[in-house]
Amino acid sequence: MVSFPFSGGPETPVRPDDVIITKTDPQGRITYANRTFMRIVGAPESALLGHPHNIIRHPDMPRGAFRLMWKTLAGGNEFFAAVKNCTASGGFYWVFANITPDYDASGKLQGYFSVRRHLRQEARAAIEPVYARMRAIEQEAGKQAGPDKSVEWLAGELAKQGVSYERFVLDIAGYGLEGGK
C-alpha cells in the first residue's frame, strides 16, 4: 500500500490560480489525477492511480470530517471542506475542496470528482481550532465513537451560530452563499 506519511516536512504552497482535480471510483480509489495534483503532492501518476485517495490524508485532519463527507456524498450531495493533505516528501498543503458524486446517464454512481483550490489564510486560521477540538473529542471518545462524537460537537457549535456546515465552510473560504442556507 502506498502512503504519504507526514514527517514534519515543509508546506507546499497552493497558488491562487492552481486548480487541483482528481476523480475516484465509488470506493475512493484514484482513477484520474491532473498534473497540478501530481506537482503539489510530488508523486507521479503511477504512484497515485488505483490507490485510495486517503493516501494523502494528513493526521491533523479529524476523522469526523471524513465521516461527514461520506454521509453527505451518500445522500447525493456535494461536499465542501478545508483540507490539510500530505505530500510524498512528508510535507503538507492546505486546500479548499469541493467533492461531487458522478453519476452515469442511468443514475448509477460512477465515482467522485474532487476539485481543490487555494485556501485563504483566514480560512485556515478559522478551521484549525475547529479541527483541533474535533481531534481531541475523537481521542477522548475512542476510535469507534470518536468520528461521530466530533461531528455531533461540530453540528452543535454550528447550530449555536445558526449556520449549516455548508454555509460555515463556504463563508470561511470566501465563497458565501447567496440568500443563506
Side-chain angles (χ1 to χ4, degrees), residues 1-12 14 20 22 24-30 37 40-41 48 51-101 111-112 114-117 119-173 175 181:
M1 166 90 168
V2 173
S3 66
F4 300 153
F6 177 65
S7 62
E11 180 171 3
T12 297
V14 175
I20 303 164
T22 52
T24 69
D25 65 15
Q27 291 74 43
R29 290 183 300 262
I30 299 170
F37 179 70
I40 291 170
V41 169
L48 300 167
H51 294 284
H53 206 288
N54 67 8
I55 62 173
I56 61 169
R57 184 176 296 170
H58 194 282
D60 285 351
M61 286 299 299
R63 290 176 295 141
F66 297 101
R67 178 75 45 93
L68 181 58
M69 177 191 77
W70 285 114
K71 181 179 179 184
T72 302
L73 294 172
N77 300 302
E78 64 186 328
F79 183 76
F80 300 93
V83 179
K84 185 177 187 180
N85 285 325
C86 291
T87 63
S89 65
F92 67 96
Y93 64 99
W94 278 94
V95 290
F96 175 71
N98 172 223
I99 301 107
T100 307
Y112 303 94
S114 180
V115 178
R116 280 130 18 237
R117 304 285 315 239
L119 183 69
R120 299 177 321 131
Q121 186 59 40
E122 298 86 357
R124 182 171 158 179
I127 202 67
E128 285 184 307
V130 172
Y131 286 170
R133 181 65 184 128
M134 289 176 75
R135 286 191 317 273
I137 290 166
E138 291 170 6
Q139 182 76 27
E140 293 166 16
K143 190 170 184 162
Q144 288 287 64
D148 289 329
K149 292 289 185 186
S150 70
V151 171
E152 184 180 303
W153 171 83
L154 178 61
E157 291 300 304
L158 295 175
K160 289 178 194 174
Q161 297 175 30
V163 297
S164 67
Y165 169 79
E166 184 177 74
R167 172 73 185 245
F168 167 72
V169 78
L170 288 172
D171 282 352
I172 67 166
Y175 299 102
K181 195 171 192 186

- [ ] Measure the acute angle between the ring planes of Tyr165 and Phe79, then classify it against the limits of 30° and 60° as parallel, tilted or perpendicular.
- [x] parallel
Open item on the list: Please find the pair of heavy atoms, one from Pro62 and one from Met134, that lie closest to each other, and give the distance.
Closed with: CB-CB, 3.6 Å
TODO: Please state whether the rings of Tyr131 and Trp94 are parallel, tilted or perpendicular, taking 30° and 60° as the class boundaries.
DONE: parallel
- [ ] Taking the side chain as every heavy atom from C-beta outward, state whether Ile127 and Phe96 have any pair of such atoms under 4.5 Å apart.
- [x] no
Task: Derivation of the side chain to side chain donor-acceptor pair (under 3.5 Å) call for His53 and Thr22 - done: CA-CA 9 Å; His53 206 288; Thr22 52; 2.9 Å; yes
TODO: Could you tell me which non-hydrogen atom of Pro59 sits nearest to which non-hydrogen atom of Cys86, and how far apart they are?
DONE: CD-SG, 4.1 Å
Task: Minimal non-hydrogen separation, Ala97 against Val83, with atom names - done: CB-CG2, 4.0 Å
Expected list for residues 151-160: side-chain donor-acceptor pairs under 3.5 angstrom, two or more places apart:
{"unit_1": "Glu157", "atom_1": "OE2", "unit_2": "Lys160", "atom_2": "NZ", "d": "2.9"}

Task: Closest non-hydrogen atom pair, Val95 against Asn85 - done: CG2-ND2, 4.3 Å
TODO: Give a yes or no on whether the ring-centroid distance for Tyr175 and Phe80 is below 6.0 angstrom.
DONE: no
Open item on the list: For Gln27, is the CD atom crowded, meaning more than 12 foreign heavy atoms sit under 6.0 Å from it?
Closed with: yes
Task: Atom CD of Glu122 with >12 non-hydrogen neighbours under 6.0 angstrom - done: yes
Task: Closest non-hydrogen atom pair between Glu11 and Arg124, with its separation - done: OE2-NH1, 2.8 Å
